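To start, the structure under review is shown below, and the notes come after it.
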Amino acid sequence: MSKKVRVRFAPSPTGGLHLGGVRTVLYNYLFARANGGDFVLRIEDTDQTRFVPGAEEYIMDCLKWCGLNPDESPVVGGPYAPYRQSERKAMYREYAMQLVGQGNAYLAFDTTEELEEMRRELKVDEHSSVQYDHRTRKRMRNSLTLSADEVNDLVNAGTPYVIRIKVPENQTIVFTDMIRGNITFDSNLVDDKVLLKADGMPTYHLAVVVDDYLMKITHAFRGEEWLPSAPVHLLLWEYLGWIADMPQWAHLPLILKPDGNGKLSKRDGDRLGFPVFAMNWHDPNKNETTGGFREMGFMPQAFVNMLALLGWNDGSGQEIFSMDELISRFQISRIHKGGAKFDFEKAKWFNNQYIQQTADETLVALVRPYFLEKGHNPSDAMLLKVIALIKDRCTLLPDFWAQGSFFFEAPETDPTVVKDAKWNENKQMFFETWLTKLNEHADWTDIALEQSATDNLAAFGLKKGDIMLPLRIMLVGGKFGPGVFHIAELIGKEETMNRIKKVIG
RNA sequence: GGCGCGUUGGUCAAUCGGCUAAGACGCCUCCCUUUCACGGAGGAAUGACGGGUUCGACUCCCGUACGUGCUACCA
């Protein structure tokens with residue numbers, strides 16, 4: 001009998017949603033969809049000191065933007081509600097006490113100062129370990145060293161205490177990771193992690209085990225940074241008597257900084273000029289906004305596709321995958337073990353690919369906001385024509401304005417840029433003459449206009465190459481853009497003539 | 001420092017013992033285009049190091065080096 005696949009993404013609502021977080025969501029989502037399973041969003045808000053208002057809604061907005069909506073969450077609910085750990089507070093204490101009763105955990109009354117002192121004393125040299133573990137717990141103030149009466153008195157007096165796991169001595173803890181295979185730990189080197197904090201809230205270690213069990217999670221994906229605490233979790237599953245129901249673990253490789261070393265962080269994005277968060281994040285406490293991929297002009301499909309390939313591939317060499325393809329091709333066995341440095345250039349390439357493969361009609365709605373922002377509200381027909389002309393030179397959505405503004409606004413062309421060293425009387429005369437011809441020109445199409453220009457060149461001893469660039473700069477304001485006569489056709493007779501006049505006087 | 005995990009071009013990466021080591025991004029050259037881009041054709045650039053195992057090792061094993069993560073009453 002195989003259980004129904006259930007996976008979860010369990011973020012802390014403390015700030016922007018990191019690219020690596022989105023990838024974790026994505027792998028969860030793909031695995032759930034491929035196996036007909038459920039994808040749960042659980043909010044791990046057990047650290048009240050780090051709570052940031054709005055962060056939870058923000059995370060859900062990000063998931064929505066990415067098209068990775070959970071089947072169960074604090075908002076949509078579900079059979080295992082509540083999905084916010086702060087609302088599950090009472091349950092954790094119950095299990096923590098069960099562990100204490102079994103002798104697998106104990107109460108610790110040590111103050112911060114006492115802990116610091118212990119660590120200071122232990123740190124006699126570079127080689128010393130300063131953990132709260134099987135060696136040190138014997139000298140601390142806890143229910144292992146104190147008599148039952150003393151413990152009761154302290155508790156009754158309202159002395160703050162935490163509950164720590166009692167890690168066994170001389171055991172080899174082995175667990176199997178779906179990506180890395182068997183991983184072994186020496187229990188003597190694992191410390192007695194705090195399970196329940198003095199404020200009654202569980203730490204991640206207790207909460208993740210209790211909730212994964214209660215929510216019937218079958219496969220747990222999380223970042224590689226959790227690997228060192230995996231033995232604690234394994235012990236908890238054992239002690240709580242749930243080992244048969246423990247999910248299969250998959251510790252995902254880290255996403256690293258493009259340059260230098262280390263995990264990719266928000267600061268690296270600021271420093272290197274690219275986003276790290278899925279969407280803009282405004283921190284209400286610091287009152288500062290950090291940029292997101294969405295606002296930078298990424299299409300969610302491209303963003304998701306790019307992330308899927310950062311640490312996974314299907315072995316075929318294919319790089320562009322629709323969500324359905326990702327779902328059918330995704331395999332945990334093909335997730336890499338090693339961390340990957342993030343490459344923003346490649347990320348942009350993905351977006352460019354998506355823009356190119358998106359129908360112009362679809363693009364209309366996607367790029368319109370950028371034109372509205374500049375005070376223009378073109379018709380769909382007009383926008384469609386512009387898109388057709390410029391899409392192959394657009395990588396991010398705002399490029400459509402950068403590459404197409406001159407269709408709507410006359411460029412601020414400095415006449416001296418056109419009338420440079422190569423400018424001469426013949427060119428001046430050509431444009432003056434051509435202007436009068438244009439005024440009567442009936443067939444305002446790019447082909448006819450090009451013909452008209454060519455026909456009038458010879459009289460002034462000019463070649464086409466002599467006037468193409470000047471004309472382009474008059475119409476566009478720079479050395480870029482689609483064919484000049486296409487542009488002339490689109491902006492119309494009056495505007496074309498005005499722009500030429502403006503330069504030649 | 002200890003412990004865990006990792007290591008194929010600058011970056012992402014294929015390869016599951018036969019390699020003259022794919023492909024993509026980026027970079028360079030040329031063609032196309034009297035602009036820019038797209039597109040096309042080329043090019044430079046890779047197995048960390050040392051030992052094994054094997055007819056044969058990028059692939060397996062062991063060391064070393066390097067990188068990275070953890071080492072909180074944060075997740």
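Quantities reported herein were computed from a predicted structural model and do not represent experimental measurements. Just so we're on the same page: letters track the sequence lines, and every chain starts at 1.
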Rounding to the closest angstrom, what is the interatomic distance between [N] and [M] at atom [atom1]?
N	M	atom1	result
B/rA44	B/rG10	P	15 Å
B/rC19	B/rC70	C1'	39 Å
B/rU8	B/rA13	P	9 Å
B/rC60	B/rU15	P	12 Å
B/rU64	B/rG6	C1'	15 Å
B/rA37	B/rC30	P	14 Å
B/rU59	B/rG18	C1'	11 Å
B/rG42	B/rC49	P	31 Å

Suppose we define a pair by two distances each less than 3.5 Å, Watson-Crick or G-U wobble; what does [N] pair with here?
N	result
B/rU33	none
B/rU53	none
B/rC3	B/rG69
B/rG47	none
B/rU20	none
B/rG9	none
B/rC74	none

Please determine whether a side-chain nitrogen or oxygen atom of [X] lies at a distance below 4.0 Å from atom OP1 or OP2 of [N].
X	N	value
A/Lys197	B/rA72	no
A/Asn313	B/rC12	no
A/Arg472	B/rC36	no
A/Thr49	B/rC74	no
A/His336	B/rG6	no

Determine, for A/Phe480 and A/Arg393, whether the Lys NZ or Arg CZ falls below 6.0 Å from the six-membered ring centre while staying within 45 degrees of the axis.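 No, a cation-pi geometry is absent between A/Arg393 and A/Phe480.
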
Any side-chain donor paired with an acceptor under 3.5 Å for A/Ser452 and A/Asp455? no

Rounding to an integer number of Å, can you tell me how far [X] [atom1] sits from [N] [atom2]?
X	N	atom1	atom2	value
A/Lys89	B/rC73	NZ	C1'	13 Å
A/Lys348	B/rC27	NZ	P	10 Å
A/Asp314	B/rG23	CG	C1'	12 Å
A/Asp133	B/rC70	CG	C1'	15 Å
A/Trp349	B/rC27	CH2	C1'	17 Å
A/Gln131	B/rC70	CD	P	15 Å
A/Met201	B/rC73	CE	P	17 Å
A/Leu195	B/rC74	CG	P	12 Å

So what does [X] hit on the nucleic acid, given a heavy-atom distance under 4.0 Å: a base, only sugar-phosphate, or nothing?
X	result
A/Gly483	base
A/Phe350	nothing
A/Lys341	sugar-phosphate
A/Pro231	nothing
A/Glu224	base
A/Gly262	sugar-phosphate

Would you kindly check whether a donor in the side chain of A/Lys193 faces an acceptor in the base of B/rA72, or vice versa, at under 3.5 angstrom? no

Kindly state whether the ring of A/Tyr204 and the ring of A/His233 have centres lying under 6.0 angstrom apart. yes

Are A/Phe221 and A/Tyr27 close enough that their ring centers fall under 6.0 Å?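 No; A/Tyr27 has its ring centre 6.0 Å or more from that of A/Phe221.
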
Between A/Ala347 and A/Leu310, which residue's closest nucleotide on RNA chain B lies nearer the 5′ terminus?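 Mapping each residue to its closest nucleotide by heavy atoms, the 5'-most match is A/Leu310.
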
Position toward the 5' end of RNA chain B (nearest nucleotide), A/Phe109 or A/Arg334: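 Per heavy-atom nearest nucleotide, the more 5' residue is A/Arg334.
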
Going by the angle between their ring planes, with limits at 30° and 60°, are A/Phe431 and A/Trp423 parallel, tilted or perpendicular? parallel

Looking at A/Lys341 and A/Asp343, does any basic side-chain N land under 4.0 Å from a carboxylate oxygen? no

Return the minimal non-hydrogen interatomic distance between A/Asp199 and A/Gln48, and the atom names on each side.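 Nearest heavy atoms, A/Asp199 then A/Gln48: OD2-OE1, 3.5 Å.
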
Is the backbone of A/Leu264 close enough, under 3.5 Å, to the side chain of A/His18 for a donor and an acceptor to pair up by distance? yes

